[in-house]
There are 2 protein chains.
Amino acid sequence: MAVTLRDVARAAGVSAATASRALSAPHLVAPERRELVRRVARDLGYQPNRAARELITGRSGHLCLVVPDLENPFFSAVAKAVQARARTAGHAVVVADAEEDPVLEAELVAQLGAQADGVLLCSPRMSADDLAQVASVGRPVLLVNREGAGLPSVAVDNRDGVRQAVRHLHALGHRRVAYAGGPVGSWSDARRRDGLAALDLDVEVLDLGAHAPVFAGGVAAADLALATGATAVLTHNDLMALGVLDRMRTRGVRVPDDVSVVGFDDAPVATLVTPSLTTVAMPLARLGRTAVDLLLSPGDGDVPHVVLPVELAVRASTAPAPSHPPEPR
Amino acid sequence: MAVTLRDVARAAGVSAATASRALSAPHLVAPERRELVRRVARDLGYQPNRAARELITGRSGHLCLVVPDLENPFFSAVAKAVQARARTAGHAVVVADAEEDPVLEAELVAQLGAQADGVLLCSPRMSADDLAQVASVGRPVLLVNREGAGLPSVAVDNRDGVRQAVRHLHALGHRRVAYAGGPVGSWSDARRRDGLAALDLDVEVLDLGAHAPVFAGGVAAADLALATGATAVLTHNDLMALGVLDRMRTRGVRVPDDVSVVGFDDAPVATLVTPSLTTVAMPLARLGRTAVDLLLSPGDGDVPHVVLPVELAVRASTAPAPSHPPEPR
DNA sequence: TTGTAGGCGTTATCAT
DNA sequence: ATGATAACGCCTACAA
């Protein structure tokens, strides 16, 4: 059996109550006894029993992180940062993969969230109604990378990301830019379209519609882009941008000579491909850290909506616009 | 306050004990009452309090997964599978990222593992002594992707992976193959070298030494490989293989025409680059699932060491050997 | 088959 | 400043 608080108390010659206080409310105990108890606890290798503590305090020391797909580099980066920050705050992280399934997502929040001190929810496509439903767990829920349902949130500045990307292309002489959007219902995709609509640049934006946010989606979008005569393509994320790169190569279109390509996310793979990918870098680690801080900080009344800045990472996939529209050969 | 077992019992007109049994030992309760209680519980949205249950049973319903780096696609794939399997087994997963730090690794196992029903440890480079030390938590510990310290384990057949890779290259006519190894102390790297030493093929293996298992490590290895006149390079993992591809391109060496490249892992990125990467595919999902099954199954006496088969995924980065050794230009 | 009662390890309350 | 005592929610002998 593990060493218990009573063992420590007995060894230190004090009551269990004093031992408890010496460890978790030190200022309430006389200095000598406090140090005595703490030393004895250390020597005995005492570790408080989380279950017993939770039973009385109602706090488990666990945070629950729900993501659509742990294998997606975007979410694994967030998960890593969340885990690290939570640890320094004395919390463990229970991770749940919702497998891109909104129903499972709701179940997970209900089951796991109920036993955690708070829930970090990455749910790009859940409707506001479902969000509100889900958020009725008795625990604080914080949205990561989206806003909605009046819940606290941490997101990135998607509109500015789009602005930076298009401004970069405009400066390179591009005047026709195609946008390959993400899945229907994606909150961040909606914000990016807001950004495109609000541009005050002399640039024609061609909407290529909604696509699966994966390699194949980019492949499909590439053909559409070429048909529009655009000299640059902006995609919903980096995986799609890779699909565009691949398809362009297949069709004999050179990147960046004939067509420039800009992605979103700055996934690790962005620097591993040729040409390396110009992309809107998301502060994923900061996103995760901020989420934890906000969830654990005592809510001072109003609901926080933090928006983090993004930064365009210019690499080899963008170059000055060609004098003539690209022609596949 | 959440609905408690007593609430259910009261609503169903039975004692708390009967309610408890109806839910967690159904065969001990008369059918009618059992169904009544279960229905009432469902209607009230009863969820057992894990802390209370743990306090008495000693089981928390949590598994602890420790990995060196959550952002590494290898481990995020394992984590995803572990999470999914654990969930179906009624367990939540506490994930801990050790940040490639053996000291932190040990701490995490000690702290988090002590409050979990078991620990899944991915620790490619920890020494056997440290493993034994770490494993002295009061909970079952299972090693993932390595063996050691007499602990139960699930690993993949690294030796066979090497064999398959070299056999493939041999069949393509390659007779000089360079091996770019992973970090010193890596268990799987050691097994792969065993595999290389045990080959019964007419192939000369050139050892390029140990490298960081990342893109840059591959870049460095590429130059070494060219200096040996090898016509094929086998790398410790896919990230390194990508580094080799990049460096070969920079130096004007064509892949696969001049040099063939084979990676290890079959990371998602393997199909996203050009040329797509021939690589030894690891059954990562199966690795995670098997690990959970083994950890939760009642140990039937002897310590299990499961070895999962690997499979060579042949793609575009390997081709018949050139008639002359590659010459950078 | 069902109910009663005790206790798991900790913190909070209330005396002292 | 300290100690005795009562919870927290659940499970499980034991008794009926």
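Side-chain atoms are counted along with the backbone in the values below, which use heavy atoms only and exclude waters and symmetry mates. Order of the sequence lines fixes the chain letters, A, B, ..., with proteins taken first and strands second; residue numbering starts at 1 for each chain.
Between the CZ atom of B:Arg59 and the P atom of D:dC10 there is a distance of 15 Å, rounded to whole Å. If you take CZ of B:Arg10 and C1' of C:dG3, they are 16 Å apart, rounded to a whole angstrom. Protein atom CD of A:Gln47 is 11 Å distant from nucleotide atom P of C:dT10, rounded to whole Å. To the nearest angstrom, P of C:dT1 lies 10 Å from NE2 of B:His27. Look at CZ on B:Arg6: it is 11 Å from P on C:dT4, rounded to the nearest Å. Rounded to whole Å, atom P of C:dT10 lies 13 Å from atom CZ of A:Arg50. Note: CD1 (B:Ile56) to C1' (D:dC8) measures 13 Å, nearest angstrom. Remark: C1' of C:dC8 and CD of A:Glu54 are 14 Å apart, rounded to the nearest angstrom.
A donor-acceptor contact closer than 3.5 angstrom links the side chains of B:Asp117 and B:Ser60. No hydrogens or angles considered: a donor-acceptor pair under 3.5 Å links the side chains of A:Asp130 and A:Ser127.
Within the 4.0 Å cut-off from OP1 or OP2 of D:dC11, at least one side-chain nitrogen or oxygen of B:Arg53 is found. An OP1 or OP2 oxygen of C:dT2 is reached within less than 4.0 angstrom by a side-chain nitrogen or oxygen of B:Arg33.
Side-chain proximity of A:Pro48 to D:dA4, C:dG9, C:dT10: nearest is C:dT10. Side-chain atoms of A:Ser24 lie closest to C:dT11 of the nucleotides D:dT2, C:dT11, C:dG9. Nearest to the side-chain atoms of B:Thr18 among the listed nucleotides C:dG3, C:dT10, D:dT2 stands C:dG3. Side-chain proximity of B:Tyr46 to D:dG3, C:dT10, D:dC10: nearest is D:dC10. Picking from D:dC10, D:dG3, C:dT11 the nucleotide with the shortest atom distance to the side chain of B:Leu5 gives D:dC10.
When the nearest nucleotides of DNA chain C are assigned to B:Gly13 and A:Ala16 by heavy-atom distance, the more 5′-ward of the two goes with B:Gly13.
A ring pair (Phe, Tyr, Trp, His ring centres under 6.0 Å) check over residues 22-66 of chain A, counting only residues at least two apart or in different chains, returns the pairs A:His62-B:His62.
Residue A:Ala30 is in sugar-phosphate contact alone, with no base atom involved, counting any heavy-atom pair closer than 4.0 Å across all strands shown. Note on A:Ser20: a base of the nucleic acid sits closer than 4.0 angstrom, heavy atoms only. At a threshold of 4.0 angstrom between heavy atoms, the contacts of A:Arg21 include nucleobase atoms, whether or not backbone atoms are also involved.
Taking 4.0 Å as the cut-off between side-chain N and carboxylate O, B:Arg42 and B:Glu35 do not count as a salt-bridged pair. Electrostatic pairing of B:Arg125 and B:Glu100 counts as a salt bridge here, judged by a charged N lying under 4.0 Å from a carboxylate O.
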